[in-house]
2 protein chains.
Amino acid sequence: MTTNRHVPASAPTISEVAKAAGVGRATAARTLGGYGSVGAETRNKVEAAALRLGYQTNELARSMSTGETKTLGVVVADIGNPFFAGVVRGISDYCENRGYNIVVLSTDENVAKERSAVELLRNKRVDGLIVASAAIKAQSADHISAAVKRGTPVVLVDRAIRGLDFDTVLIDNRDAARLAVAHLISHGHRRIGFVWGPETASPPVSVSELLAAAENALWSDGERLQGYLAALFESGIEFDADLVTTTPKNREDAERGVARMLALPCRPTALFATEADATIGALNAIRRAGLGYPRDISLIGFDDNPWAGVIDPPLTMVSQPMLELGQRAAEQLINRIDGNRAEHSVDVLSTVLIERSSVTGPLNAGE
Amino acid sequence: MTTNRHVPASAPTISEVAKAAGVGRATAARTLGGYGSVGAETRNKVEAAALRLGYQTNELARSMSTGETKTLGVVVADIGNPFFAGVVRGISDYCENRGYNIVVLSTDENVAKERSAVELLRNKRVDGLIVASAAIKAQSADHISAAVKRGTPVVLVDRAIRGLDFDTVLIDNRDAARLAVAHLISHGHRRIGFVWGPETASPPVSVSELLAAAENALWSDGERLQGYLAALFESGIEFDADLVTTTPKNREDAERGVARMLALPCRPTALFATEADATIGALNAIRRAGLGYPRDISLIGFDDNPWAGVIDPPLTMVSQPMLELGQRAAEQLINRIDGNRAEHSVDVLSTVLIERSSVTGPLNAGE
DNA sequence: CTGTTAGCGCGTTCAC
DNA sequence: GTGAACGCGCTAACAG
């Protein structure tokens with residue numbers, strides 16, 4: 001009497017099912033795998049045996065011989081961040097319909113981590129990659145080009161990489177910013193602060209210097225800054241270097257940057273924050289300065305969410321289609337995997353400016 | 001001259017490396033796989049060849065023969081939800097340190113989807129499963145017990161399953177609720193509304209009826225309700241069925257439920273919302289009723305987040321350790337996979353009541 | 001220390 | 001319509 005207690009009976013293989021059904025393994029494989037043709041009677045025998053033994057196909061072995069894993073690799077900065085979580089949800093939903101799964105890795109905006117994430121995923125033989133890259137320029141993105149060159153399709157999401165032409169799904173960063181700032185200008189504002197400017201050692205003094213710095217920022221950040229400058233330019237408003245933060249990208253530093261602006265002899269009458277944390281930082285700074293919005297200062301934030309609507313007064317926000325961003329990226333990638341190749345495509349989704357109550361004219365503003 | 005343009009050279013195998021290095025495949029495998037022992041000179045030859053050919057180990061094949069995928073399956077209600085996104089981030093971080101990866105699936109609180117997710121993951125031969133189950137009781141969780149029975153370790157996160165003893169990582173739901181409500185009571189409140197009560201056809205009229213309904217709710221929801229009732233009981237406050245919502249679990253219905261309470265002849269002087277969406281719904285209802293907090297009604301919400309601190313007045317909230325929840329779950333699971341088995345353990349993490357400014361005495365309240 | 005050989009479980013020719 | 005045999009790339013046990 002063998003006492004193999006706690007030794008879980010390893011899952012039945014297809015050969016075991018074949019034996020139990022009294023047929024050859026190939027026949028069993030055909031009926032269970034749903035390919036080739038099998039006699040009705042044989043099919044029944046096999047299916048009965050499979051059911052009885054509780055057969056489940058081993059996807060690993062299947063992938064081994066078919067060469068496809070039905071799995072996509074997803075590389076983002078931080079899966080805990082609501083924005084990326086939304087994008088991933090979009091990817092995940094679309095994948096479900098097409099029979100794919102995803103394995104997600106976070107990089108914390110660290111290119112080295114991104115590089116090893118991509119490598120790992122390729123070694124796992126994912127069928128394709130969706131990455132929101134931290135790479136600023138082509139030369140730091142060799143891991144991406146290597147992947148596509150060696151046959152792993154890649155689509156970039158949320159951020160393009162300067163100097164690289166790949167399938168990409170983006171939002172209209174520049175226009176979103178331009179429109180938001182134009183909205184402020186249309187309300188009469190001319191001194192408009194920009195929160196989440198490029199992080200620089202010494203504060204940039206000229207527009208060209210600022211644009212150069214933007215070139216070394218993440219794609220989305222750079223684009224939004226350009227949109228801000230474009231809006232000013234279009235209205236003939238002179239750029240003031242004091243009205244752009246150059247602090248590190250986190251809530252506390254954003255708050256510090258805004259606090260500095262608010263302490264200016266001639267402070268801004270409106271603020272445009274280009275990230276969720278920038279928005280919260282700005283809100284904190286406004287309160288700490290003893291000011292109120294929109295009374296003392298108007299405010300537009302980025303990344304709309306339910307809280308922006310319940311806060312008092314409700315915030316005017318730029319809303320990004322996170323789910324759709326992910327969905328489209330997955331769609332584009334899977335189509336390419338399926339061989340429906342097309343020229344490399346860039347998909348640009350629109351944001352929406354949700355007007356609530358944080359913007360008024362500058363009339364009441366201090367000074 | 002063969003024109004195999006665009007046919008990406010398939011990744012070099014270990015045999016090719018072996019041949020290129022002039023050694024047997026096993027030797028190459030040993031040096032590249034980092035096991036067994038190899039002569040210094042041979043090792044160099046192999047490594048050089050591997051580097052030259054750009055060899056990368058095929059994890060699929062490796063998993064095939066080792067029987068482990070170094071991959072964990074994660075099943076949650078919605079990866080797009082900030083709470084689960086945080087938990088997943090915690091899992092992901094811990095996994096990275098132990099050399100594991102995760103594939104994440106969302107179920108939308110649908111047990112059928114959960115069942116097939118678990119099945120799929122097992123077919124992919126994940127080494128273990130972390131699941132925030134939608135199953136209320138043991139009988140609807142056979143997919144979980146089947147998994148552990150057949151040798152796939154499982155740890156439950158955020159929710160236990162009634163009648164099932166598995167490794168679990170939870171927060172102190174009942175205490176969190178009890179303390180929050182006690183906090184309200186200590187400020188003098190006696191009519192305290194509970195938002196996110198069990199969804200029932202006909203409103204429950206007695207405590208026992210309510211408790212019965214709680215038994216058919218998600219673990220966390222049921223526990224929080226029990227904590228609420230316990231706090232009332234401890235202070236000798238009589239339960240009023242009118243003060244518990246029985247609406248479906250979403251923001252709009254929560255708002256509707258609160259609106260009903262606020263329209264009561266003798267409305268509550270305080271509210272306890274046990275979910276992020278419940279909190280937002282409550283906030284909306286309060287505003288729509290033309291009331292203000294904490295002046296007209298005190299409020300404690302659940303799932304602290306940055307916005308709760310910038311909203312005006314800042315909200316007193318229960319804060320959950322999302323990252324740690326995920327971390328501990330991953331730790332427990334990987335330890336079990338590594339064979340450091342122990343008796344089934346239940347890990348309960350503490351929440352924190354973050355006091356801000358949404359709670360005062362009921363003195364000013366209507367009535 | 002090294003090379004040979006046998007699987008892992010499944011898909012896929014190829015004869016029967 | 002059916003079954004035998006081979007290959008995917010790697011690890012592992014066994015000789016040498």
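Residue numbering restarts at 1 for every chain, and letters A, B, ... go by the order of the sequence lines. Computed from a predicted model, the values in this text were never measured in an experiment.
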- Bend across the helix from C:dC1-D:dG16 to C:dC16-D:dG1, to 10°, with axes taken over 5 pairs at each end? 40°

What N/O pairs connect the protein and nucleotides 9-12 of chain D at under 3.5 Å? Give each pair on its own line.
from	atom 1	to	atom 2	distance (Å)
D:dC10	OP1	B:Tyr55	OH	2.5
D:dC10	OP2	B:Ile14	N	2.4
D:dT11	OP1	B:Arg62	NH1	2.9
D:dT11	O4'	B:Ser65	OG	2.7

Using residues 68-76 of chain A as the side-chain source, report each donor-acceptor pair under 3.5 Å to any protein atom, sequence neighbours left out, with the distance given to one decimal.
from	atom 1	to	atom 2	distance (Å)
A:Thr69	OG1	A:Thr71	N	3.4
A:Thr69	OG1	A:Arg125	O	2.9
A:Thr69	OG1	A:Asp127	OD1	3.3
A:Thr71	OG1	A:Thr69	O	3.0
A:Thr71	OG1	B:Lys124	NZ	2.3

- Message: Going by the rule side chain to side chain contact (heavy atoms under 4.5 Å, CB included), which residues pair with A:Asp108 if we only count those two or more places apart in sequence or in a different chain?
- Response: A:Lys113, B:Arg89

- Could I get the full list of side chain to side chain contact (heavy atoms under 4.5 Å, CB included) partners for A:Asp347, not counting sequence neighbours? A:Val169, A:Arg328, A:Gln332, A:Leu349

- Item | Set of salt bridge (Lys or Arg N to Asp or Glu O under 4.0 Å) partners for B:Glu59, sequence neighbours left out | B:Arg62

- Could you list the residues that satisfy salt bridge (Lys or Arg N to Asp or Glu O under 4.0 Å) with B:Glu119, not counting sequence neighbours? none

- Item | Length of the NZ-C1' vector between A:Lys45 and D:dT2, whole Å | 11 Å

- Task: Please list all pairs passing the salt bridge (Lys or Arg N to Asp or Glu O under 4.0 Å) test where one or both residues lie in residues 129-142 of chain A, with sequence neighbours left out.
- Result: A:Arg115-A:Asp142

- Task: Please collect all salt bridge (Lys or Arg N to Asp or Glu O under 4.0 Å) contacts where either partner lies in residues 41-50 of chain A, sequence neighbours excluded, each pair once.
- Result: A:Arg43-A:Glu47

- Item | Within residues 152-163 of chain A or reaching into it, pairs that qualify as side chain to side chain donor-acceptor pair (under 3.5 Å) - sequence neighbours excluded | A:Glu109-A:Arg159

- Reckon A:Ser63 touches a base, only the sugar-phosphate, or nothing at all at heavy-atom distances under 4.0 Å? nothing

- Query: First and last nucleotide of DNA chain C in contact with chain A, 5' to 3', at under 4.0 Å to a heavy atom: what are they?
  - Reply: C:dG9 to C:dT12

- Message: For the backbone of B:Asp93 and the side chain of B:Glu96, can you confirm whether one donor and one acceptor N or O come within less than 3.5 Å of each other?
- Response: no

Would you mind writing out the side-chain donor-acceptor pairs for residues 27-40 of chain B within the sub-3.5 Å range, not counting sequence neighbours?
from	atom 1	to	atom 2	distance (Å)
B:Thr31	OG1	B:Ala28	O	3.3

